[in-house]
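Source: prediction; values computed, not measured. So you know, we letter chains A, B, ... as the sequences are listed, proteins then strands, and number each from 1.
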Amino acid sequence: MPELPEVETVCRGLAPFLEGRRLVHVEQRRPDLRWPFPADFTQRLTGQRIIALRRRAKYILAELEDGTVLIVHLGMSGRLLITQGRPAELEKHDHVVLATEEDVWIRFNDARRFGAMDLATLETLDGHRMLAGLGPEPLSNAFSGPILAASLAGKRTPIKAALLDQRVVAGIGNIYACEALYRAGISPRRLAASVQGIRAERLALAVKQVLAEAIAAGGSTLRDYRQADGELGYFQHSFQVYDREGLACVTPECGRPLLRLVQSGRSTFYCARCQR
DNA sequence: GTTAATACCTGTTCGC
DNA sequence: TGCGAACAGGTATTAA
(Lines give C-alpha, C1' and ligand atoms only; values in the text may rest on other atoms or scores of the structure.)
Protein backbone atom coordinates (compact mmCIF):
# COMPACT_ATOMS: atom_id res chain seq x y z
CA MET A 1 0.00 0.00 0.00
CA PRO A 2 2.24 2.74 -1.18
CA GLU A 3 1.86 5.90 0.82
CA LEU A 4 4.26 8.82 0.79
CA PRO A 5 7.31 6.99 2.21
CA GLU A 6 6.97 4.09 -0.21
CA VAL A 7 6.56 6.44 -3.15
CA GLU A 8 9.60 8.44 -2.01
CA THR A 9 11.58 5.21 -1.78
CA VAL A 10 10.51 4.15 -5.26
CA CYS A 11 11.43 7.57 -6.60
CA ARG A 12 14.90 7.47 -5.06
CA GLY A 13 15.42 3.93 -6.25
CA LEU A 14 14.43 4.76 -9.81
CA ALA A 15 16.28 8.05 -10.14
CA PRO A 16 19.75 6.59 -10.83
CA PHE A 17 18.29 4.49 -13.63
CA LEU A 18 16.15 7.17 -15.22
CA GLU A 19 17.48 10.66 -14.62
CA GLY A 20 19.40 11.87 -17.64
CA ARG A 21 18.45 8.73 -19.56
CA ARG A 22 16.62 8.49 -22.84
CA LEU A 23 13.52 6.31 -23.25
CA VAL A 24 14.00 4.17 -26.34
CA HIS A 25 11.09 1.82 -25.75
CA VAL A 26 7.65 2.64 -24.37
CA GLU A 27 5.05 -0.10 -24.45
CA GLN A 28 1.49 0.33 -23.26
CA ARG A 29 -0.13 -3.07 -22.90
CA ARG A 30 -3.73 -2.12 -22.13
CA PRO A 31 -5.91 0.91 -22.84
CA ASP A 32 -6.35 1.96 -19.23
CA LEU A 33 -5.35 1.52 -15.65
CA ARG A 34 -7.66 3.33 -13.31
CA TRP A 35 -8.32 5.76 -16.15
CA PRO A 36 -7.62 5.60 -19.87
CA PHE A 37 -4.10 6.47 -20.98
CA PRO A 38 -3.76 9.60 -23.12
CA ALA A 39 -4.25 8.69 -26.77
CA ASP A 40 -0.70 9.77 -27.66
CA PHE A 41 0.92 8.28 -24.54
CA THR A 42 3.67 6.20 -26.11
CA GLN A 43 4.40 8.67 -28.90
CA ARG A 44 4.96 11.55 -26.51
CA LEU A 45 7.37 9.55 -24.36
CA THR A 46 9.37 7.56 -26.88
CA GLY A 47 12.78 9.06 -27.63
CA GLN A 48 12.59 11.60 -24.84
CA ARG A 49 15.27 12.16 -22.26
CA ILE A 50 14.18 12.27 -18.63
CA ILE A 51 15.51 15.40 -16.98
CA ALA A 52 14.38 14.83 -13.42
CA LEU A 53 12.39 12.45 -11.28
CA ARG A 54 10.59 13.75 -8.23
CA ARG A 55 7.64 13.11 -5.93
CA ARG A 56 4.57 15.13 -5.02
CA ALA A 57 2.25 13.54 -2.45
CA LYS A 58 1.86 9.95 -3.67
CA TYR A 59 2.66 10.82 -7.27
CA ILE A 60 5.92 10.18 -9.10
CA LEU A 61 6.67 12.93 -11.62
CA ALA A 62 9.13 12.44 -14.47
CA GLU A 63 10.08 15.63 -16.29
CA LEU A 64 11.03 15.14 -19.91
CA GLU A 65 13.30 17.29 -22.04
CA ASP A 66 10.43 18.81 -24.05
CA GLY A 67 8.55 19.91 -20.93
CA THR A 68 6.19 16.97 -20.82
CA VAL A 69 5.65 15.51 -17.35
CA LEU A 70 4.80 11.85 -16.87
CA ILE A 71 2.59 11.42 -13.81
CA VAL A 72 2.59 8.00 -12.15
CA HIS A 73 0.44 6.84 -9.27
CA LEU A 74 1.03 3.36 -7.81
CA GLY A 75 -2.49 3.01 -6.48
CA MET A 76 -2.41 0.30 -3.87
CA SER A 77 -0.82 -2.63 -5.66
CA GLY A 78 1.42 -0.84 -8.15
CA ARG A 79 5.06 -1.93 -8.35
CA LEU A 80 7.96 -0.94 -10.55
CA LEU A 81 10.29 -3.76 -11.51
CA ILE A 82 13.77 -2.98 -12.78
CA THR A 83 15.89 -5.37 -14.80
CA GLN A 84 19.13 -4.98 -16.71
CA GLY A 85 18.24 -6.20 -20.18
CA ARG A 86 14.86 -7.17 -21.58
CA PRO A 87 12.92 -9.46 -19.22
CA ALA A 88 12.76 -13.01 -20.48
CA GLU A 89 9.01 -12.85 -20.25
CA LEU A 90 6.51 -10.38 -18.93
CA GLU A 91 4.48 -11.16 -15.85
CA LYS A 92 0.77 -11.01 -15.43
CA HIS A 93 -0.33 -7.41 -14.80
CA ASP A 94 2.76 -5.85 -16.40
CA HIS A 95 0.84 -2.94 -17.93
CA VAL A 96 3.58 -0.55 -19.05
CA VAL A 97 7.12 -1.39 -20.11
CA LEU A 98 9.88 1.20 -20.50
CA ALA A 99 13.50 0.82 -21.57
CA THR A 100 16.40 3.25 -21.62
CA GLU A 101 19.36 3.49 -23.97
CA GLU A 102 21.40 1.70 -21.33
CA ASP A 103 19.13 -1.36 -21.73
CA VAL A 104 17.54 -0.88 -18.33
CA TRP A 105 13.94 -2.13 -18.41
CA ILE A 106 11.25 -0.94 -16.09
CA ARG A 107 7.85 -2.56 -15.79
CA PHE A 108 4.80 -1.09 -14.11
CA ASN A 109 2.94 -4.02 -12.59
CA ASP A 110 -0.41 -3.41 -10.92
CA ALA A 111 -2.79 -6.28 -10.21
CA ARG A 112 -5.62 -4.18 -8.85
CA ARG A 113 -5.23 -1.39 -11.37
CA PHE A 114 -5.86 1.38 -8.89
CA GLY A 115 -2.75 2.98 -10.28
CA ALA A 116 -2.72 5.61 -12.98
CA MET A 117 -0.50 7.27 -15.53
CA ASP A 118 -1.11 10.55 -17.29
CA LEU A 119 0.77 13.27 -19.10
CA ALA A 120 0.93 16.99 -18.36
CA THR A 121 3.39 19.75 -19.10
CA LEU A 122 5.41 21.87 -16.70
CA GLU A 123 2.94 24.65 -17.36
CA THR A 124 -0.22 22.62 -16.77
CA LEU A 125 1.13 20.41 -13.97
CA ASP A 126 -0.08 22.43 -10.99
CA GLY A 127 -3.57 22.61 -12.41
CA HIS A 128 -3.71 18.96 -13.35
CA ARG A 129 -6.77 17.28 -11.88
CA MET A 130 -4.65 14.77 -9.99
CA LEU A 131 -2.47 17.42 -8.36
CA ALA A 132 -4.69 20.47 -8.05
CA GLY A 133 -6.01 20.91 -4.54
CA LEU A 134 -3.36 18.81 -2.84
CA GLY A 135 -2.45 20.04 0.61
CA PRO A 136 1.08 20.80 1.83
CA GLU A 137 3.90 18.30 1.71
CA PRO A 138 4.06 17.00 5.28
CA LEU A 139 7.87 16.95 5.41
CA SER A 140 8.22 20.54 4.21
CA ASN A 141 8.05 23.82 6.10
CA ALA A 142 4.68 24.35 4.47
CA PHE A 143 3.30 21.90 7.03
CA SER A 144 3.35 22.71 10.74
CA GLY A 145 1.18 22.64 13.85
CA PRO A 146 -0.41 26.05 13.25
CA ILE A 147 -0.99 25.31 9.58
CA LEU A 148 -2.60 21.96 10.42
CA ALA A 149 -4.72 23.59 13.12
CA ALA A 150 -5.97 26.22 10.70
CA SER A 151 -6.83 23.54 8.16
CA LEU A 152 -8.76 21.48 10.73
CA ALA A 153 -10.67 24.41 12.20
CA GLY A 154 -14.38 23.94 11.69
CA LYS A 155 -14.04 20.42 10.30
CA ARG A 156 -16.81 18.26 11.73
CA THR A 157 -15.29 14.92 10.84
CA PRO A 158 -13.10 12.56 12.89
CA ILE A 159 -9.41 13.51 12.89
CA LYS A 160 -8.58 10.16 11.30
CA ALA A 161 -10.71 10.98 8.27
CA ALA A 162 -9.24 14.47 8.09
CA LEU A 163 -5.70 13.08 7.94
CA LEU A 164 -6.70 10.95 4.97
CA ASP A 165 -8.05 14.04 3.20
CA GLN A 166 -5.30 14.91 0.72
CA ARG A 167 -6.37 18.57 0.79
CA VAL A 168 -5.43 18.81 4.46
CA VAL A 169 -2.02 17.22 4.09
CA ALA A 170 -0.73 15.30 1.08
CA GLY A 171 0.55 11.76 1.00
CA ILE A 172 -0.84 10.15 4.15
CA GLY A 173 -2.78 6.91 3.78
CA ASN A 174 -4.53 4.63 6.21
CA ILE A 175 -1.41 3.13 7.76
CA TYR A 176 0.46 6.31 8.58
CA ALA A 177 -2.71 8.07 9.70
CA CYS A 178 -3.09 5.38 12.37
CA GLU A 179 0.58 5.49 13.32
CA ALA A 180 0.75 9.28 13.57
CA LEU A 181 -2.36 9.49 15.74
CA TYR A 182 -0.98 6.84 18.07
CA ARG A 183 2.34 8.63 18.36
CA ALA A 184 0.59 11.93 19.02
CA GLY A 185 -1.68 10.36 21.64
CA ILE A 186 -4.80 11.57 19.86
CA SER A 187 -7.92 9.44 19.52
CA PRO A 188 -8.88 8.72 15.91
CA ARG A 189 -12.48 9.52 16.89
CA ARG A 190 -11.70 13.02 18.11
CA LEU A 191 -13.45 15.78 16.18
CA ALA A 192 -10.95 17.27 13.73
CA ALA A 193 -11.89 20.81 14.72
CA SER A 194 -10.85 20.09 18.30
CA VAL A 195 -7.26 19.37 17.29
CA GLN A 196 -5.82 22.79 17.95
CA GLY A 197 -2.86 24.33 19.72
CA ILE A 198 -0.56 21.85 21.38
CA ARG A 199 -2.50 18.87 20.01
CA ALA A 200 -2.06 20.10 16.44
CA GLU A 201 1.61 20.72 17.21
CA ARG A 202 2.02 17.16 18.48
CA LEU A 203 0.16 15.70 15.53
CA ALA A 204 2.13 17.62 12.91
CA LEU A 205 5.35 16.52 14.57
CA ALA A 206 4.18 12.91 14.76
CA VAL A 207 3.29 12.94 11.06
CA LYS A 208 6.74 14.24 10.17
CA GLN A 209 8.52 11.75 12.42
CA VAL A 210 6.55 8.73 11.30
CA LEU A 211 7.03 9.52 7.63
CA ALA A 212 10.73 10.36 8.02
CA GLU A 213 11.40 7.12 9.86
CA ALA A 214 9.56 5.11 7.24
CA ILE A 215 11.56 6.77 4.47
CA ALA A 216 14.77 5.99 6.35
CA ALA A 217 13.67 2.35 6.66
CA GLY A 218 12.87 2.28 2.95
CA GLY A 219 16.21 3.79 2.11
CA SER A 220 17.97 0.96 3.85
CA THR A 221 16.17 -1.52 1.64
CA LEU A 222 17.18 0.36 -1.50
CA ARG A 223 20.67 -1.08 -1.30
CA ASP A 224 19.16 -4.48 -1.94
CA TYR A 225 17.22 -3.24 -4.94
CA ARG A 226 20.41 -2.04 -6.58
CA GLN A 227 21.97 -5.45 -6.34
CA ALA A 228 19.32 -7.96 -7.25
CA ASP A 229 16.54 -7.39 -9.77
CA GLY A 230 14.63 -4.55 -8.27
CA GLU A 231 11.09 -4.59 -7.18
CA LEU A 232 10.16 -1.11 -6.09
CA GLY A 233 6.85 -0.41 -4.47
CA TYR A 234 6.85 -2.03 -1.09
CA PHE A 235 9.17 -2.51 1.80
CA GLN A 236 8.76 -4.14 5.16
CA HIS A 237 8.31 -1.79 8.02
CA SER A 238 7.16 -2.43 11.53
CA PHE A 239 4.15 -0.58 12.81
CA GLN A 240 3.14 0.22 16.36
CA VAL A 241 -0.62 -0.07 15.91
CA TYR A 242 -1.49 -0.81 12.28
CA ASP A 243 -2.86 -4.34 11.82
CA ARG A 244 -2.16 -5.14 15.49
CA GLU A 245 -5.69 -5.56 16.78
CA GLY A 246 -5.68 -7.49 20.07
CA LEU A 247 -1.91 -7.21 20.52
CA ALA A 248 -0.49 -5.29 23.44
CA CYS A 249 0.03 -1.56 23.22
CA VAL A 250 3.78 -0.98 23.04
CA THR A 251 3.75 1.88 25.51
CA PRO A 252 5.63 0.33 28.44
CA GLU A 253 3.28 1.34 31.24
CA CYS A 254 0.20 0.45 29.15
CA GLY A 255 0.21 -2.92 27.40
CA ARG A 256 -3.53 -2.94 26.86
CA PRO A 257 -4.88 -4.76 23.81
CA LEU A 258 -5.10 -2.51 20.77
CA LEU A 259 -8.53 -1.97 19.28
CA ARG A 260 -9.86 -1.79 15.74
CA LEU A 261 -12.75 0.30 14.55
CA VAL A 262 -14.11 1.16 11.12
CA GLN A 263 -14.26 4.82 10.11
CA SER A 264 -15.67 5.76 6.71
CA GLY A 265 -15.17 2.19 5.59
CA ARG A 266 -11.50 2.02 6.68
CA SER A 267 -9.95 0.08 9.53
CA THR A 268 -8.48 2.21 12.28
CA PHE A 269 -6.13 0.70 14.87
CA TYR A 270 -5.58 2.49 18.16
CA CYS A 271 -5.07 2.31 21.91
CA ALA A 272 -8.07 3.53 23.88
CA ARG A 273 -5.91 4.38 26.88
CA CYS A 274 -2.99 6.16 25.21
CA GLN A 275 -5.05 8.07 22.66
CA ARG A 276 -7.54 10.68 23.85
C1' DG B 1 -20.97 23.89 1.11
C1' DT B 2 -19.64 19.82 3.83
C1' DT B 3 -19.49 15.12 4.95
C1' DA B 4 -20.46 10.26 4.14
C1' DA B 5 -21.02 6.38 1.25
C1' DT B 6 -20.04 3.95 -2.95
C1' DA B 7 -17.53 2.26 -7.14
C1' DC B 8 -13.52 0.72 -9.12
C1' DC B 9 -10.25 -3.89 -9.14
C1' DT B 10 -8.26 -8.56 -8.03
C1' DG B 11 -5.28 -11.34 -4.95
C1' DT B 12 -5.51 -13.13 -0.43
C1' DT B 13 -7.62 -14.73 3.68
C1' DC B 14 -11.29 -16.67 6.28
C1' DG B 15 -15.34 -19.39 7.43
C1' DC B 16 -18.34 -23.05 6.30
C1' DT C 1 -10.60 -29.66 -0.47
C1' DG C 2 -13.48 -26.34 -2.43
C1' DC C 3 -16.22 -22.55 -2.65
C1' DG C 4 -17.89 -18.00 -1.90
C1' DA C 5 -17.78 -13.94 1.01
C1' DA C 6 -15.13 -10.50 3.08
C1' DC C 7 -11.30 -7.62 2.97
C1' DA C 8 -7.47 -4.56 1.57
C1' DG C 9 -7.35 0.76 0.12
C1' DG C 10 -6.61 5.84 -2.89
C1' DT C 11 -9.45 8.65 -5.13
C1' DA C 12 -13.37 10.12 -8.19
C1' DT C 13 -18.08 10.15 -8.12
C1' DT C 14 -22.53 10.14 -6.17
C1' DA C 15 -25.62 10.70 -2.35
C1' DA C 16 -27.13 12.74 1.83
Roughly, in whole Å, what's the span from [atom1] in [X] to [atom2] in [N]?
X         : N       : atom1 : atom2 : value
Leu74(A)  : dC9(B)  : CG    : P     : 19 Å
Asp110(A) : dG10(C) : CG    : P     : 13 Å
Asp243(A) : dC7(C)  : CG    : C1'   : 11 Å
Asp94(A)  : dG11(B) : CG    : P     : 13 Å
Asp32(A)  : dT10(B) : CG    : P     : 10 Å
Phe114(A) : dC7(C)  : CZ    : P     : 15 Å
Phe108(A) : dC9(B)  : CZ    : C1'   : 13 Å
Leu33(A)  : dG10(C) : CG    : C1'   : 14 Å

- Query: Can you list the residues that meet the ring-ring contact (aromatic ring centres under 6.0 Å, His included) rule with Phe37(A), with sequence neighbours excluded?
  - Reply: Phe41(A)
- Check ring-ring contact (aromatic ring centres under 6.0 Å, His included) between Tyr182(A) and all other residues, then give those that pass, not counting sequence neighbours. none
- Message: How about CZ on Arg129(A), more than 12 heavy atoms from neighbouring residues, nucleotides or ligands closer than 6.0 Å, or not?
- Response: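 Yes, CZ of Arg129(A) has more than 12 neighbouring heavy atoms, counting only those of other groups under 6.0 Å.
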- Message: Need one value for Arg260(A): base, sugar-phosphate or nothing, where a base atom within 4.0 Å counts as base even if backbone is also close, heavy atoms only.
- Response: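 Sugar-phosphate only.
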- Message: What contact category does Gly265(A) fall into here, base, sugar-phosphate, or nothing, at under 4.0 angstrom with non-hydrogen atoms?
- Response: nothing
- Using a distance-only test with no angle check, is there a side-chain donor-acceptor pair under 3.5 angstrom linking Asp103(A) and Gln84(A)? no
- Message: Less than 3.5 Å apart, any donor N or O on the side chain of His25(A) or Glu27(A) sitting next to an acceptor on the other?
- Response: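 Yes, Glu27(A) and His25(A) have a side-chain donor paired with an acceptor closer than 3.5 Å.
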Side-chain N or O of [X] less than 4.0 angstrom from OP1 or OP2 on [N]?
X         : N       : value
His93(A)  : dG11(B) : yes
Ser77(A)  : dC9(B)  : no
Arg112(A) : dA8(C)  : no
Lys92(A)  : dT10(B) : no

Connecting only ILVMFWY residues whose side-chain heavy atoms lie within less than 4.5 Å of each other, what is the rest of [X]'s hydrophobic cluster?
X         : value
Leu259(A) : Leu261(A), Tyr270(A)
Val69(A)  : Trp35(A), Tyr59(A), Leu61(A), Ile71(A), Leu122(A), Leu125(A), Met130(A), Leu131(A), Leu134(A)
Leu90(A)  : Val97(A), Trp105(A)

Distance-only donor-acceptor pairs under 3.5 Å for side chains of residues 138-148 of chain A, two or more places apart:
{"from": "Ser140(A)", "atom 1": "OG", "to": "Glu137(A)", "atom 2": "O", "distance (Å)": "2.9"}
{"from": "Ser140(A)", "atom 1": "OG", "to": "Ala142(A)", "atom 2": "N", "distance (Å)": "3.1"}
{"from": "Ser144(A)", "atom 1": "OG", "to": "Ile147(A)", "atom 2": "N", "distance (Å)": "3.3"}

Interface polar pairs with nucleotides 1-3 of chain B, N/O, under 3.5 angstrom:
{"from": "dT3(B)", "atom 1": "OP1", "to": "Arg156(A)", "atom 2": "N", "distance (Å)": "2.7"}
{"from": "dT3(B)", "atom 1": "OP2", "to": "Lys155(A)", "atom 2": "NZ", "distance (Å)": "3.4"}

- Item | Within residues 179-205 of chain A or reaching into it, pairs that qualify as salt bridge (Lys or Arg N to Asp or Glu O under 4.0 Å) - sequence neighbours excluded | Arg183(A)-Glu213(A)
- What dot-bracket string describes DNA chain B from 5' to 3', counting Watson-Crick and G-U wobble pairs whose defining distances are under 3.5 Å, with [ ] for crossing pairs and | for pairs to another strand? .|||||||||||||||
For residues 159-171 of chain A, tabulate all N or O donor-acceptor pairs below 3.5 Å that involve a side-chain atom, not counting sequence neighbours.
{"from": "Lys160(A)", "atom 1": "NZ", "to": "Asn174(A)", "atom 2": "OD1", "distance (Å)": "2.7"}
{"from": "Lys160(A)", "atom 1": "NZ", "to": "Ser267(A)", "atom 2": "O", "distance (Å)": "3.4"}
{"from": "Lys160(A)", "atom 1": "NZ", "to": "Thr268(A)", "atom 2": "OG1", "distance (Å)": "2.7"}
{"from": "Asp165(A)", "atom 1": "OD1", "to": "Arg167(A)", "atom 2": "N", "distance (Å)": "2.9"}
{"from": "Asp165(A)", "atom 1": "OD1", "to": "Arg167(A)", "atom 2": "NE", "distance (Å)": "3.0"}
{"from": "Asp165(A)", "atom 1": "OD2", "to": "Arg167(A)", "atom 2": "NE", "distance (Å)": "3.4"}
{"from": "Asp165(A)", "atom 1": "OD2", "to": "Arg167(A)", "atom 2": "NH2", "distance (Å)": "2.9"}
{"from": "Gln166(A)", "atom 1": "OE1", "to": "Gly171(A)", "atom 2": "N", "distance (Å)": "2.7"}
{"from": "Gln166(A)", "atom 1": "NE2", "to": "Leu164(A)", "atom 2": "O", "distance (Å)": "3.1"}
{"from": "Gln166(A)", "atom 1": "NE2", "to": "Ile172(A)", "atom 2": "O", "distance (Å)": "3.0"}

- Message: Please list all pairs meeting ring pair (Phe, Tyr, Trp, His ring centres under 6.0 Å) that have one or both residues in residues 107-138 of chain A, counting only residues at least two apart or in different chains.
- Response: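 Sorted pair list comes back empty.
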What pairs of nitrogen or oxygen atoms, one from the protein and one from nucleotides 11-15 of chain C, lie under 3.5 Å apart?
{"from": "dT11(C)", "atom 1": "OP1", "to": "His73(A)", "atom 2": "NE2", "distance (Å)": "2.8"}
{"from": "dT11(C)", "atom 1": "OP2", "to": "Lys58(A)", "atom 2": "NZ", "distance (Å)": "3.4"}
{"from": "dT11(C)", "atom 1": "O2", "to": "Arg34(A)", "atom 2": "NH1", "distance (Å)": "3.3"}
{"from": "dT11(C)", "atom 1": "O2", "to": "Arg34(A)", "atom 2": "NH2", "distance (Å)": "2.5"}
{"from": "dT11(C)", "atom 1": "O4", "to": "Arg266(A)", "atom 2": "NH2", "distance (Å)": "3.0"}

